[in-house]
Visitor: 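One structure coming up, written as structure tokens, with questions to follow.
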Amino acid sequence: MRVVVSGARPTGRQHLGNYHGALKNWVRLQGDYRCFFFVADWHALTTDYARHESIADNTVEMVLDWLAVGLDVDRSVIFQQSAVPEHAELALLLGMLTPVPWLERNPTYKEQREQLTDRDLSTYGFLGYPVLQAADVLMYKGEVVPVGIDQAPHIELTREIARRFNGLYGPVFPEPATLLTDTPKMVGTDGRKMSKSYGNAVYLTDAPADIHGKLARMVTDPRRVRRHDPGDPNDCPAYQSFHRHYCTPEELRHQEEGCRTAAIGCLECKEIMIKHVQAELAPIRARRATLRPDDARAVLAAGNARARAVASGTMAEVRAAMGLA
Ligand code: TRP
Ligand code: SF4
């Protein structure tokens, strides 16, 4: 079986953007690949080194949601990056052969340094972020990395680093392929990208009444000020992100027609979509309610041990290849 590796920074409770952007895909891959999914807690420190308080709690909350959506310890290795210190050793060694200009020209690096102006990101750790990410993937000889488009430059760099390593020391690493998640970015209730930091997210663990309330208030076509004002679904964030994703073709036809002719109101139109969201989240919520923080900790402890066993094998090969044996 081919190897899949992916990770996520510990952001705590997962929202619909996380679910459709990554988790659903991970769950699907489990049957067909040898999967390694991990909490990238060191990556969290690259940007949040000065607000580290919530990392441990966020790790537990995130893993509980992973289990609730169907990540399965019998089919995947679920672990925590910082519990496998070999990642740091491999990142150090890969750093020896990674030219700094490769890191500086990375578009995600440049963009984030411009955007996250509330903190000092002129650090060695932040520049080296993609080297650590390359170590995460290459440690397990990952062949397929399911990520969103924003991560594609990092996986490209992982391939370049693997190629350079293999050229210098002999073939040790496969060059991993990016498996792009095709779902477009889910928008939040205010029409911007769904994100915890914008406060516009619908969480997998939200109660049904909260889900209803958030989606009922979600922004629509601003032309529909009054009930009899017609609108255009093309200008409706709810329609573009949620309706399109959740409703059947017949429902969409009915909603589109009703919107353009003002035959239905926005709430009535949304109720059709909300019903689907509720149906999707009900089994996840039920599963989540059976899980306790200690379950996440136990899953990680077992996964960490399995990951370390693989990592120590890779590191023995790497040390030998680099003349360190
Ligand atoms: N950088 C990724 C993110 O922010 C998380 C990540 C860390 C990752 N290491 C990885 C993803 C290895 C895929 C493979 O989402
Ligand atoms: Fe959006 Fe439906 Fe309202 Fe039209 S009727 S603006 S598609 S929610």
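Remember, it's 1-based here, ligands and their atoms both numbered in the order they're listed. Hydrogens, waters and symmetry mates are skipped; everything else that's a heavy atom, side chains included, is used. If you read the sequence from its start, that first residue is 1, and numbering goes on from there.
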Visitor: Please check if atom CD in Glu271 has more than 12 non-hydrogen atoms from other residues, nucleotides or ligands closer than 6.0 Å.
Guide: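 Counting other residues, nucleotides and ligands, CD of Glu271 exceeds 12 neighbours.
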Visitor: For atom 4 (Fe) of ligand 2, does an N/O/S atom of Cys236 lie at less than 2.8 Å?
Guide: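 Not a single backbone or side-chain N, O or S atom of Cys236 is under 2.8 Å from atom 4 (Fe) of ligand 2.
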Visitor: Nearest to atom 8 (S) of ligand 2, what protein heavy atom do you find, and at what distance?
Guide: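 The protein heavy atom lying closest is Thr220 CG2, 3.6 Å.
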Visitor: Which of the atoms in ligand 2, numbered in the order shown and given with their element, are less than 4.0 Å from a heavy-atom of Tyr239?
Guide: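 Heavy-atom distances to Tyr239 below 4.0 Å select 7 (S).
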Visitor: Run the salt-bridge test on Arg287 and Asp65 with the 4.0 Å N-O cut-off and return the result as yes or no.
Guide: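 No.
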Visitor: Could you tell me, atom by atom, which parts of ligand 1 come under 4.0 Å of a heavy atom of Ala40?
Guide: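 Every atom of ligand 1 under 4.0 Å from some heavy atom of Ala40: 7 (C).
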Visitor: Give the atom numbers and elements of ligand 2 that come within less than 4.0 Å of a heavy atom of Asp221.
Guide: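 Atoms satisfying the 4.0 Å criterion: 6 (S).
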Visitor: Strictly below 4.0 Å, N to O, side chains only: are Glu280 and Arg285 in salt-bridge contact?
Guide: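 Salt bridge between Glu280 and Arg285, a charged N being under 4.0 Å from a carboxylate O: no.
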Visitor: Inspect the surroundings of NZ in Lys214 and state if more than 12 heavy atoms from other residues, nucleotides or ligands are less than 6.0 Å away.
Guide: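 Result for NZ/Lys214: enclosed.
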Visitor: Report the nearest protein non-hydrogen atom to atom 3 (Fe) of ligand 2: residue, atom name, distance rounded to 0.1 Å.
Guide: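 In this structure, atom 3 (Fe) of ligand 2 has Cys266 SG, 2.3 Å as its nearest protein heavy atom.
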Visitor: Salt-bridged, Glu61 to Arg288, with N to O below 4.0 Å?
Guide: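 Yes, Glu61 and Arg288 are salt-bridged.
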Visitor: What is the nearest protein non-hydrogen atom to atom 4 (Fe) of ligand 2, stated with its residue, atom name and distance?
Guide: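 I find the closest protein heavy atom is Cys259 SG, 2.3 Å.
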Visitor: Checking a contact table here: which protein heavy atom is nearest atom 12 (C) of ligand 1, and how many Å away?
Guide: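 Minimum-distance protein heavy atom for atom 12 (C) of ligand 1 reads Gln133 CG, 3.6 Å.
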Visitor: Relative to the heavy atoms of Tyr129, which atoms of ligand 1 are at a distance of less than 4.0 Å?
Guide: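 Counting from 1, the qualifying ligand atoms are 1 (N), 2 (C), 3 (C), 4 (O).
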Visitor: Can you list the atoms of ligand 1 that are under 4.0 Å from a heavy atom of His43?
Guide: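 The atoms of ligand 1 under 4.0 Å from a heavy atom of His43 are 7 (C), 9 (N).
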Visitor: Counting neighbours of CZ on Arg34 that are heavy atoms of other residues, nucleotides or ligands and sit closer than 6.0 Å, is the number greater than 12?
Guide: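 Open: at most 12 neighbouring heavy atoms sit under 6.0 Å from CZ of Arg34.
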Visitor: Of the backbone atoms (N, CA, C, O) and the side-chain heavy atoms from C-beta on, which set of Ile155 has a member under 4.0 Å from an atom of ligand 1: side chain, backbone, both, or neither?
Guide: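 The answer is neither.
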Visitor: Checking contacts here: is it the side chain or the backbone of Gln81 that comes within 4.0 Å of ligand 1, counting heavy atoms only? Could be both or neither.
Guide: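 The answer is neither; Gln81 stays 4.0 Å or more away.
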Visitor: Under 2.8 Å from atom 2 (Fe) of ligand 2, can any N, O or S atom of Cys269 be found?
Guide: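 Checking Cys269: at least one N, O or S atom is under 2.8 Å.
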Visitor: Can you tell whether the side chains of Arg292 and Asp295 come within less than 4.0 Å, N to carboxylate O?
Guide: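 No, this pair does not count.
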Visitor: As a check for students: among Asp41, Val39, Val137, identify the option with a heavy atom nearest to atom 14 (C) of ligand 1.
Guide: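 Of the listed residues, Val137 has the closest heavy atom.
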Visitor: For atom 9 (N) of ligand 1, what is the closest protein heavy atom, and at what distance to 0.1 Å?
Guide: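 Ranked first by proximity to atom 9 (N) of ligand 1 is Asp136 OD2, 2.7 Å.
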Visitor: Mind checking whether His154 has an N or O less than 3.5 Å away from an N or O of ligand 1?
Guide: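 No, since none of the N or O atoms of His154 sits under 3.5 Å from an N or O of ligand 1.
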Visitor: So does Arg224 pair up with Asp221, basic N to acidic O under 4.0 Å?
Guide: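 Not counted as a salt bridge, because no side-chain N and carboxylate O are separated by less than 4.0 Å.
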Visitor: For atom 5 (S) of ligand 2, what is the nearest protein heavy atom, given as residue, atom name and distance?
Guide: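 Atom 5 (S) of ligand 2 sits closest to the protein heavy atom Arg224 NH1, 3.1 Å.
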Visitor: Please determine whether a side-chain nitrogen of the Lys or Arg among Arg192 and Asp190 lies less than 4.0 Å from a carboxylate oxygen of the Asp or Glu.
Guide: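 Looking at Arg192 and Asp190, the cut-off is met.
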Visitor: Parallel, tilted or perpendicular: which describes the rings of His243 and Tyr239, with under 30° parallel and over 60° perpendicular?
Guide: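 Tilted: the ring planes of His243 and Tyr239 meet at 30° to 60°.
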Visitor: Among all protein heavy atoms in this structure, tell me which lies nearest to atom 5 (C) of ligand 1, with the distance rounded to 0.1 Å.
Guide: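 Going atom by atom, the protein heavy atom closest to atom 5 (C) of ligand 1 ends up being Gly7 O, 3.6 Å.
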Visitor: Check Arg113 with Glu104, please: is the shortest side-chain N to carboxylate O separation under 4.0 Å?
Guide: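 Salt bridge between Glu104 and Arg113, a charged N being under 4.0 Å from a carboxylate O: no.
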Visitor: Strictly below 4.0 Å, N to O, side chains only: are Glu257 and Arg253 in salt-bridge contact?
Guide: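 Answer for the salt bridge query: no.
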Visitor: Kindly confirm or rule out an N or O of Gln151 lying under 3.5 angstrom from an N or O of ligand 1.
Guide: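 The answer is yes, given that Gln151 and ligand 1 share an N or O pair closer than 3.5 Å.
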Visitor: Please indicate whether any nitrogen or oxygen in Arg9 is less than 3.5 Å from any nitrogen or oxygen in ligand 1.
Guide: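 In this structure, Arg9 places no N or O atom under 3.5 Å from an N or O of ligand 1.
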Visitor: Which is it for Val145 and ligand 1 at heavy atoms under 4.0 Å: side chain, backbone, both or neither?
Guide: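 For Val145, the contact with ligand 1 is made by the side chain alone.
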Visitor: Within the structure provided, determine whether Arg13 and Asp206 are in side-chain contact (heavy-atom separation under 4.5 Å).
Guide: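 They are in side-chain contact.
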